[in-house]
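Since the structure comes first, as structure tokens, the remarks are kept for the end.
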Amino acid sequence: MVYQTSSNTASILGQKEVDFIIIGSGIGGLSCAALLARYGFNVTVCESHSIPGGAAHAFERDGFKFDSGPSLYSGLSYSPSANPLKQVLDAIGEELPCVTYDTWGCYLPEGYFDTSVGADQFCEVLKQFRGDEAVVEWRELQRVMEPLARAATALPPAALRLDVGAIMTVSRFVPSLFQHIADIGKLTGPFSRIMDGVIKDSFIRNWLDLLCFLLSGLPADGTSAAEVAFMFADWYRPGVVLDYPIGGSGALVNALVRGLERHGGQLMLNAHVEQILVEGKRAVGVRLRGGKQIRARRAVISNASVWDTLKLIPQEALPKKFQERQATPECDSFMHLHLGIDAQGLPSDLACHYIVVNNWENGVTAPQNVVLISIPSVLDPSLAPPGKHVIHVYTPGSEPYELWEGMNRKSEEYPRQKQLRAEVMWQALERIIPDIRSRCDVTLVGTPLTHERYLRRHRGSYGPAIQAGKGFFPGSGTPVPGLLCCGDSTFPGIGLPAVAASGMMTANTLAPLHKHVQMLQDIGYLG
């Protein structure tokens, strides 16, 4: 998998000025940039890494193609879709071929079971493990969530913009929104408020905490009801499937980059932004490592985290109101195990995904308690050489940075700590492939320091830990004129759909209203 900087990089640096500069090529930044280019603006994306995609980038070792981050996708294989990421792809005219499936494996303290998206199969699991009363509770939750799910998807994210122009773009959906007016208010608080009124069974409560944690990095009392309602709308509708992009997350990133460049935008790799240039209290461009400068006629847009964005602004130009965001609470980091293995003799019915929970009592956010396993080559054999599999195991958003802080990556202590902290991932994988340690052709262990170094993530964090009902993700605007933000530090928050929505809303806000309306017509949301 080879990525190259746009062929006209020299001309970018030569022209010195563009309409918009986007810092970072994460999914939020690429979504924003590709849409701005589609709207006719001159856009340049500056990416510090040699590979685009941020936390969703892909990389290759010895013929094995690895996803660095997300591996569970839905709503990408059909249009119109409620998934903001699919709406971005439709808007920029990019196809993303996917393999579809519906089942994954679960190793929980209660035992092993396969579960599927869809309204009914989980009831069979509940009946087996918890009995008929649990099934009744789950059915009641589905009944309660049905109108909330319709309310959560009544307004496509593609229609949102953060200025007065929203009156025009959102007004087209007012009749649909009005039908759900009584339910919309229920979406603003934490999901636990809804769950507590319906669910008493401890297994279902633990299960919902797990799903919330996978969505937002927080359990049910910190995850917004809107996020869960969106999930119910997506996962529990008739005929639902999960999607895996053919070519992995790299194919998704490539589609966004293609859309960006086809519409005239540029991607610069190995282009590390050292500072946001501020003149007369306004952001006017960026300075790259090596001293080169690019100026922005309209705005600089940071796809970096809130903490990393603040580091780029000269201290004397940083408004106190913006500096206060440094105190934004953060989720923990990740441990990763990337393996290329010999697949000879393995069962043919391996699932693409497995979830392992070691102990409910410790809570789903406890370090090393939840382990996710992805074997995407069972769906897309092109990700591995013939007769091989590619595997990604990770502990999501639960690895404390403090365990690694200040550690020298070249020290003898670092590999020892990697081996120690990776053991829980090996043990989880041994439940599925008992002889896994003898099958490995490629073994790579990633740590919070890996996140911090390659993804330029503050303390290797997954993103802000802003609890629903106790705080709000800010919009794209900042107290620095000419500087906007998108990505997981802005509304609606963490996760691929959320960051795509953030990038899309930022681009829409900057676009002329008539072009935004035309885009909605082009992708079928307006007649």
Side-chain angles (χ1 to χ4, degrees), residues 72 74 102-152 183 186-238 240 242 351 353-366 368-373 395-398 428 431 467-470:
L72 184 64
S74 62
D102 64 4
T103 301
W104 68 94
C106 296
Y107 285 91
L108 305 185
E110 291 81 0
Y112 177 82
F113 61 88
D114 289 328
T115 190
S116 303
V117 289
D120 298 321
Q121 192 272 343
F122 188 60
C123 290
E124 299 172 15
V125 172
L126 285 176
K127 187 167 185 177
Q128 174 188 349
F129 283 95
R130 304 298 291 178
D132 291 335
E133 289 186 10
V135 175
V136 171
E137 283 193 14
W138 182 257
R139 289 297 194 194
E140 176 62 12
L141 180 66
Q142 288 181 312
R143 186 192 67 78
V144 169
M145 292 303 296
E146 188 174 337
L148 300 181
R150 289 197 299 268
D183 297 306
K186 300 175 185 178
L187 300 176
T188 58
F191 173 65
S192 57
R193 291 182 187 172
I194 297 169
M195 181 177 76
D196 291 345
V198 180
I199 302 298
K200 307 302 179 188
D201 183 85
S202 60
F203 175 78
I204 302 178
R205 292 180 67 87
N206 286 331
W207 177 254
L208 291 169
D209 260 341
L210 176 63
L211 292 181
C212 287
F213 177 54
L214 299 179
L215 279 174
S216 72
L218 296 168
D221 62 2
T223 302
S224 77
E227 268 194 277
V228 182
F230 180 89
M231 180 198 71
F232 266 76
D234 198 29
W235 283 20
Y236 297 112
R237 56 184 174 77
V240 64
L242 296 171
H353 299 294
Y354 295 88
I355 299 174
V356 178
V357 178
N358 293 315
N359 186 307
W360 289 126
E361 285 70 30
N362 291 342
V364 293
T365 62
Q368 303 208 319
N369 194 27
V370 175
V371 181
L372 300 187
I373 298 167
T395 56
S398 61
R431 299 192 188 194
Q467 293 203 348
K470 297 182 180 179

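Computed from a prediction, not measured in an experiment: that's the story for all the values here.
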Problem - Nearest heavy-atom neighbours spanning Cys212 and Pro219 - result: CB-C, 3.8 Å
Practice task
Look only at the side chain of Asp209 and the backbone of Ala220, and say whether a donor-acceptor pair between them is shorter than 3.5 Å.
Solution key: yes
Fill in the blank from the handout: What one should report as the nearest heavy-atom pair of Phe213 and Pro396 is CZ-O, 2.8 Å
Handout entry: Donor + acceptor pair across side chains of Thr365, Ser398 (<3.5 Å)
Key = no
Practice task
With rounding to the nearest 0.5 Å, note down the distance linking CG in Leu72 to CH2 in Trp104.
Solution key: 7.0 Å
Practice task
Answer yes or no: is there a donor N or O on one side and an acceptor on the other, between the side chain of Glu110 and the main chain of Phe129, under 3.5 Å?
Solution key: no
Practice task
Mind running side-chain contact (heavy atoms from CB on, under 4.5 Å) on Leu242 and Val117 for me, showing each step along the way?
Solution key: CA-CA 8 Å; Leu242 296 171; Val117 289; 3.8 Å; yes
Practice task
Return yes if some donor-acceptor pair links the side-chain N/O of Asn358 with the main-chain N/O of Gln368 below 3.5 Å, else return no.
Solution key: yes
Handout entry: Any Asp201 side-chain heavy atom under 4.5 Å of Glu133 side chain
Key = no
Practice task
Could you tell me which non-hydrogen atom of Trp235 sits nearest to which non-hydrogen atom of Ser74, and how far apart they are?
Solution key: NE1-OG, 3.6 Å
Handout entry: Rounded distance (nearest 0.5 Å) linking atom CG of Leu148 with atom NZ of Lys186
Key = 6.0 Å
Problem - Between CH2 on residue Trp360 and CG on residue Asn206, distance to nearest 0.5 Å - result: 5.0 Å
Handout entry: Nearest-0.5 Å distance, OH of residue Tyr354 to OH of residue Tyr112
Key = 5.0 Å
Practice task
Apply the test side-chain contact (heavy atoms from CB on, under 4.5 Å) to residues Phe191 and Leu208: give CA-CA distance (whole Å), side-chain angles for both, the deciding distance (0.1 Å), then the verdict.
Solution key: CA-CA 9 Å; Phe191 173 65; Leu208 291 169; 4.1 Å; yes
Practice task
Could you tell me whether the side chain of Pro190 reaches within less than 4.5 Å of the side chain of Gln467, counting heavy atoms only?
Solution key: no
Handout entry: Shortest non-hydrogen separation from Tyr107 to Arg431 and the atoms involved
Key = OH-O, 3.2 Å
Problem - Expected output: side-chain Thr223 to main-chain Leu218 donor-acceptor under 3.5 Å - result: yes
Handout entry: Aromatic ring pairing Phe113/Trp207, orientation class (parallel under 30°, perpendicular over 60°, tilted between)
Key = tilted
Exercise for the section: Assess whether side-chain contact (heavy atoms from CB on, under 4.5 Å) is satisfied between Val240 and Asp102, documenting all intermediate values. Expected result: CA-CA 8 Å; Val240 64; Asp102 64 4; over 6 Å; no
Problem - Side-chain heavy-atom pair Arg139, Asp120 within 4.5 angstrom cut-off - result: yes
Practice task
Kindly say whether Asn369 contributes a backbone atom to a donor-acceptor pair with the side chain of Asn359 at under 3.5 angstrom?
Solution key: no
Practice task
Would you mind checking if Arg143 and Glu140 are paired as a salt bridge, meaning a charged N to carboxylate O distance below 4.0 Å?
Solution key: yes
Handout entry: side-chain hydrogen bond (donor to acceptor under 3.5 Å, both in side chains) pairs, two or more places apart, involving residues 188-197
Key = Asp196-Arg205
Exercise for the section: For the pair Ile355 and Leu214, evaluate side-chain contact (heavy atoms from CB on, under 4.5 Å) and give the outcome as yes or no after the intermediate values. Expected result: CA-CA 10 Å; Ile355 299 174; Leu214 299 179; 3.9 Å; yes
Problem - side chain to side chain contact (heavy atoms under 4.5 Å, CB included) involving Ala428 - partner list, sequence neighbours excluded - result: Val356, Val371, Ile373
Practice task
Flag the pair Leu211 / Val228 as yes when at least one side-chain heavy-atom distance between them is below 4.5 Å, and no otherwise.
Solution key: no
Handout entry: Separation between CD of Glu137 and CE of Met195, rounded to the nearest 0.5 Å
Key = 11.0 Å
Practice task
Could you tell me whether a side-chain N or O of Gln121 sits under 3.5 Å from a main-chain N or O of Asp114, the two making a donor and an acceptor?
Solution key: yes
